[in-house]
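Heads up, the thing below is written out as structure tokens.
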Amino acid sequence: MTVFKAFSDADVVTFLTAQVPDGQVLTDAATLQKFSFSKNLTDDDSGLALAYIEAQSTKDVQGVLKTARKFHLPVVPQAQTTSTVIGSDGLAGGLILSTAKMNRILEISKDDSLAVVEPGVINGDLDREARKQGMFYAPDPGSKPISGIGGNVATNAGGMSTVKYGATKDNVLGVKVVLADGREVQFGGRTLKQAFGYDLTQLMVGSEGTLGIITQVIVKLLPIPLGTPVMGVAFFDNMTALAKAVTAIRISGVYPTMLEALDGNTVIALDRYEKTHYADNNGAMLIFKLDNGGTASMNVVKQLLADQQASHVTVTTDPAEQAKLEKLRQDMLPAVFAGQNHIMEDMAVPLSQLAPLMDYIQDLGKRLGVKIYTAGHAGDGNVHPTLIWPKDETEVPENVIVALQEMFNKTLALGGTISGEHAVGMLKNQWNNAELGEDVDQIQHQIKALFDPMNLLNPKRKIN
């Protein structure tokens, strides 16, 4: 069918360029292809975006949204493009708004225990600068060297330190946001407590760019703990036994910084990738860390591990050895993904249900003939099963699809969530009703309509 447009693409780009005083508007095919395309988008969505905007100021962001309102175009916010759920791929004919170059650390206040940053600041860069003043930024999503604070906030990223320090939402004091109508507003502020008005700060955390564009974030900083950090590994016959040990440590009164789980398949993949020999110890691997508490706390952990039949328990205070163990966990994904098709999932359950979920995933893989690599942040009940199939199979096998559906249903039956920290994007938005229920699903859409009545901001993501 022929569509008679009231304006040309050139008209849009001309108007848009005039509205972006500090940044850059790019329309070349290479840039649009790089940031628009995902093989997982539907046929209707998978064409090139109209323009990619490198914003460098709030005025740039407001100009992009003014253009979107005038021409009724979707706006997809991007920063470091590390989304795993198709949360920031450009949509056909729309605008991609990148805040990656809004990357200034505006303030680090040791006295107020906070930092003020732009959304493009890399998580690890903020942490490194804070440590120069005796403070640190606690959230570690496992992508600390590459993920941006804005994306962390937009997805409520969790990660390896959540067991002690919470997810991103527990470390955000305030945000500045440009709304769909162009207003920049601030929610929250510099105080550690605030009870005035509705908590719109936390509404923005995890909203995935569907309610507004984050232009500034105020985050908590903490003093670097006293004492010498201790890190170690332990091995178990299977993930169920590991999960029981994690529960014992979690409720012991020891406050670990990290309790990371890797199943036997994942350990083998890491050995292959890193040229290590951890799989020689057989079974599932637990990586644990205490950043303070000293010898007494570590002795408690060792005893609990012994009580739970852990084997090959080793600990180290050497920073270089600890860095190797952290890198081992960070390299889990490339090790598992290497040379294979894959889908990595992200479920979380109440701590008491972690072992039953581990049991179920192991049995499910055997029953359906699906290769599953399971790892995750066991200390907060968050697991990441990765389903693998041969690279030469272009379509997702039916048994993989069934396995995903059954894992999701089991997680919900255990009182859990099917998105612990990776957000919803386009991959899971059809599950909103199943997880939230019909009434809450409807409220979600009402909130979206209030903040974005023209449905311009990251449409088709978060809610369906």
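The first residue of the sequence shown is numbered 1, and numbering continues consecutively from there. For clarity, every value in this text was computed on a predicted model and none was experimentally measured.
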Side chains of [X] and [Y] only: does a donor on one sit below 3.5 Å from an acceptor on the other?
X    : Y    : value
E260 : H377 : yes
N123 : S147 : no
S98  : E54  : no
T257 : D291 : yes
N171 : K220 : no
D22  : S57  : yes
Q78  : T99  : no

Is there a donor-acceptor contact under 3.5 Å from the side chain of [X] to the main chain of [Y]?
X    : Y    : result
Q202 : K169 : yes
N432 : D441 : no
S36  : Q33  : no
N399 : L368 : yes
N429 : K462 : no
D346 : G420 : yes
H384 : E345 : yes
T266 : L262 : no
N433 : G437 : no

Within a radius of less than 6.0 Å around [atom1] of [X], do more than 12 heavy atoms belonging to other residues, nucleotides or ligands occur?
X    : atom1 : result
R183 : CZ    : no
K101 : NZ    : no
K448 : NZ    : yes

Going by an N to O cut-off under 4.0 Å, is there a salt bridge joining [X] and [Y]?
X    : Y    : answer
K275 : D271 : no
E326 : K144 : no
D363 : K366 : no
R367 : E406 : yes
E118 : K176 : no

> Is the distance between the ring centroids of Y373 and F337 under 6.0 Å?
Replying inline: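 That pair fails the under 6.0 Å test.
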> How about F15 and F7: are their ring centres within less than 6.0 Å of each other?
Replying inline: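 No; F7 has its ring centre 6.0 Å or more from that of F15.
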> How would you list, by chain and number, every residue that makes a side-chain contact (heavy atoms from CB on, under 4.5 Å) with P390, sequence neighbours excluded?
Replying inline: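 Residues passing side-chain contact (heavy atoms from CB on, under 4.5 Å) with P390: D392, E393.
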> Quick one: salt bridge (Lys or Arg N to Asp or Glu O under 4.0 Å) pairs with a partner in residues 9-19, sequence neighbours left out?
Replying inline: K5-D9
> If we only count heavy atoms from C-beta on, is the M285 to Y278 side-chain gap below 4.5 Å?
Replying inline: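 SC-SC contact between M285 and Y278 confirmed.
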